[in-house]
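What follows is one structure encoded as structure tokens, with my remarks underneath.
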Amino acid sequence: GEGFAEDLGIHHLVVNSWEGGVDTEQNVVNISIPTMIDPSVAPPGKHLIHAYTAANEPWDLWKDVKRGSERYRELKEERSECLWKALEQ
């Protein structure tokens, strides 16, 4: 892939606030870039990135939202912002 330093590791952890702890909503983002060790898992010149929060997304936000609905798309967009911000760091 292109765009990353060759010595960039495969796993990264972004902690937005050390005071918040791992159980605070959207405080910890885990990032894995497997193409740093195996470029064959993505098309040539590209990377594969897996980013996720530390299992602290509140179910109450999602429990009554129908998958594929407009509200689902809006919530998905809103709640994924922390992932994009972590990737930009």
Side-chain angles (χ1 to χ4, degrees):
E2 299 174 5
F4 292 140
E6 287 186 27
D7 62 346
L8 182 67
I10 183 175
H11 297 295
H12 305 274
L13 187 67
V14 175
V15 179
N16 294 308
S17 168
W18 288 103
E19 291 78 32
V22 297
D23 57 348
T24 299
E25 284 182 35
Q26 301 187 329
N27 189 39
V28 177
V29 177
N30 297 284
I31 301 170
S32 178
I33 311 171
T35 44
M36 295 308 297
I37 58 171
D38 183 1
S40 72
V41 299
K46 304 292 182 182
H47 279 284
L48 173 66
I49 299 175
H50 180 205
Y52 56 98
T53 57
N56 55 16
E57 183 70 3
W59 171 243
D60 286 343
L61 290 174
W62 297 91
K63 69 179 180 181
D64 296 322
V65 178
K66 183 177 180 187
R67 188 179 186 128
S69 68
E70 182 63 27
R71 179 62 186 138
Y72 177 84
R73 286 187 288 280
E74 290 170 356
L75 194 55
K76 191 174 175 181
E77 181 78 22
E78 174 188 316
R79 299 301 289 181
S80 68
E81 276 301 309
C82 68
L83 303 175
W84 292 111
K85 287 178 182 175
L87 289 169
E88 291 171 351
Q89 291 187 20

State the [atom1]-[atom2] distance between [X] and [Y], to the nearest 0.5 angstrom.
X: Y52; Y: L83; atom1: OH; atom2: CG; answer: 11.0 Å
X: F4; Y: I49; atom1: CZ; atom2: CD1; answer: 4.0 Å
X: R73; Y: R67; atom1: CZ; atom2: CZ; answer: 12.0 Å
X: C82; Y: N27; atom1: SG; atom2: CG; answer: 9.5 Å
X: E57; Y: D60; atom1: CD; atom2: CG; answer: 11.0 Å

Side chain proximity check, Q26 to N16, heavy atoms < 4.5 angstrom: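 Q26 vs N16: side chains apart.
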E2 atom CD, over 12 foreign heavy atoms within 6.0 Å: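 Result for CD/E2: open.
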Heavy atoms of other groups near E78 CD, more than 12 under 6.0 Å: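 Yes, enclosed.
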S69: side-chain contact (heavy atoms from CB on, under 4.5 Å) partners, not counting sequence neighbours: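 side-chain contact (heavy atoms from CB on, under 4.5 Å) check on S69 returns V65, K66, R71, Y72.
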Path from L87 to V15 over hydrophobic side-chain contacts below 4.5 Å: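 Not linked; separate clusters.
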E25 bridged to R79 by N-O distance under 4.0 Å: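 Yes, charged N to carboxylate O under 4.0 Å.
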Give every donor-acceptor pair under 3.5 Å between a side-chain atom in residues 29-37 and any protein atom, sequence neighbours left out.
unit_1 : atom_1 : unit_2 : atom_2 : d
T35    : OG1    : H47    : ND1    : 2.6
T35    : OG1    : L48    : N      : 3.3

Evaluation steps, side chain to side chain contact (heavy atoms under 4.5 Å, CB included), between T53 and V28: CA-CA 6 Å; T53 57; V28 177; over 6 Å; no
